[in-house]
Amino acid sequence: MLFAPSLANRPMLIREQGHSVKLIRAERNPDSPRTRQKLIGTFRRDDGPSRALLAQLSGDEQAALKRWLSVRHDRQEHAQHRHTIDAAHSRLAELVVAINSAAELLTPAQADAIWNELVAVTRALNRAGYPKPKRERKPPATPPGQRDLLTPDA
């Protein structure tokens, strides 16, 4: 006698191919102990599943698809945030150059908005555990009449 495991607890397969997502169910072949994969349906990754496709899924399959979509959405959001953080330093440097070279073009409302956003960035960095770095201290100026013995004469 052949042992055929129960398919009741077998998860639905979810496969991404390009911009489409395929939902596949493993079904037991009644003539043999083997299982076969049956395509339940497909949907475009950006559009999400249709109501008709969701109606074809069991409760467990709907829950699995909902978890998969949630994890996928979280990963997408995480990737977008990483891109924004990676570009933040260069964008702020561009802002500094623009203000330094064309400060007269900046309106008071724009300046207020920039100051408010900088305060919000400071708060967010503090909440994330990144306190404001300490400024590098410049060496004290040498009093007049004294020379530094380590620097060569000009």
Side-chain angles (χ1 to χ4, degrees), residues 4-29 34-142 148 150-152 154:
S6 170
L7 293 176
N9 59 2
R10 189 168 182 124
M12 172 181 62
L13 300 174
I14 302 172
R15 294 209 175 119
E16 277 188 278
Q17 289 184 325
H19 290 285
S20 66
V21 177
K22 293 182 177 185
L23 304 179
I24 302 168
R25 182 182 294 143
E27 292 182 340
R28 185 168 168 253
N29 188 348
R34 293 189 172 182
T35 60
R36 66 185 185 112
Q37 293 181 347
K38 178 184 175 192
L39 179 67
I40 303 170
T42 62
F43 61 91
R44 288 193 49 83
R45 186 177 59 203
D46 298 331
D47 299 338
S50 65
R51 291 180 191 254
L53 179 58
L54 290 174
Q56 295 176 18
L57 302 176
S58 69
D60 290 341
E61 291 171 338
Q62 286 181 6
L65 179 60
K66 184 176 181 180
R67 280 191 310 271
W68 184 86
L69 289 170
S70 174
V71 167
R72 189 179 176 291
H73 179 265
D74 291 346
R75 283 184 183 161
Q76 263 187 322
E77 214 172 66
H78 186 75
Q80 287 173 343
H81 293 317
R82 173 153 305 287
H83 175 70
T84 302
I85 289 170
D86 289 344
H89 178 71
S90 63
R91 297 298 306 259
L92 287 172
E94 289 174 19
L95 178 63
V96 169
V97 169
I99 291 173
N100 283 338
S101 64
E104 66 277 358
L105 299 177
L106 192 65
T107 66
Q110 289 171 326
D112 288 345
I114 291 171
W115 277 114
N116 288 335
E117 291 303 319
L118 288 173
V119 169
V121 168
T122 303
R123 259 191 249 126
L125 285 170
N126 282 329
R127 273 186 301 223
Y130 298 101
K132 186 175 180 179
K134 295 184 183 197
R135 287 188 175 187
E136 292 183 22
R137 293 190 173 219
K138 294 181 181 177
T142 53
D148 187 0
L150 299 177
T151 59

**Prompt:** Knowing that exactly one of His73, Arg67, Arg75 qualifies, which makes a side-chain contact (heavy atoms from CB on, under 4.5 Å) with Val71?
**Reply:**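 Of the listed options, the one satisfying the test is Arg75.
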
**Item:** Glu104 CD: over 12 foreign heavy atoms closer than 6.0 Å
**Value:**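 Count over threshold, so yes.
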
**Asked** Just wondering, are more than 12 heavy atoms of other shown residues or ligands nearer than 6.0 Å to CD in Gln110?
**Response**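 More than 12 within 6.0 Å, yes.
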
For the residue pair [X] and [Y], establish whether any side-chain heavy-atom pair is separated by less than 4.5 Å.
X      : Y      : value
Glu61  : Ile40  : yes
Arg25  : Leu23  : no
Ile114 : Leu106 : yes
Pro49  : Leu57  : no

Interatomic spacing from [atom1] in [X] to [atom2] in [Y] - rounded to 0.5 Å:
X      : Y     : atom1 : atom2 : answer
Thr42  : Leu53 : OG1   : CG    : 7.5 Å
Asn100 : Leu95 : CG    : CG    : 9.5 Å
Leu65  : Ser58 : CG    : OG    : 11.0 Å
Gln56  : Gln62 : CD    : CD    : 11.0 Å
Gln17  : Lys22 : CD    : NZ    : 4.0 Å
Gln37  : Arg15 : CD    : CZ    : 5.0 Å

**Prompt:** Is it true that a side-chain atom of Arg45 and a backbone atom of Gly18 form a donor plus acceptor pair closer than 3.5 Å?
**Reply:**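 The answer is yes, because a donor-acceptor pair under 3.5 Å joins these two groups.
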
**Asked** Would a distance-only check, ignoring hydrogens and angles, find a side-chain to backbone donor-acceptor pair under 3.5 Å from Thr122 to Leu118?
**Response**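 Side chain of Thr122 to backbone of Leu118: a pair is present.
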
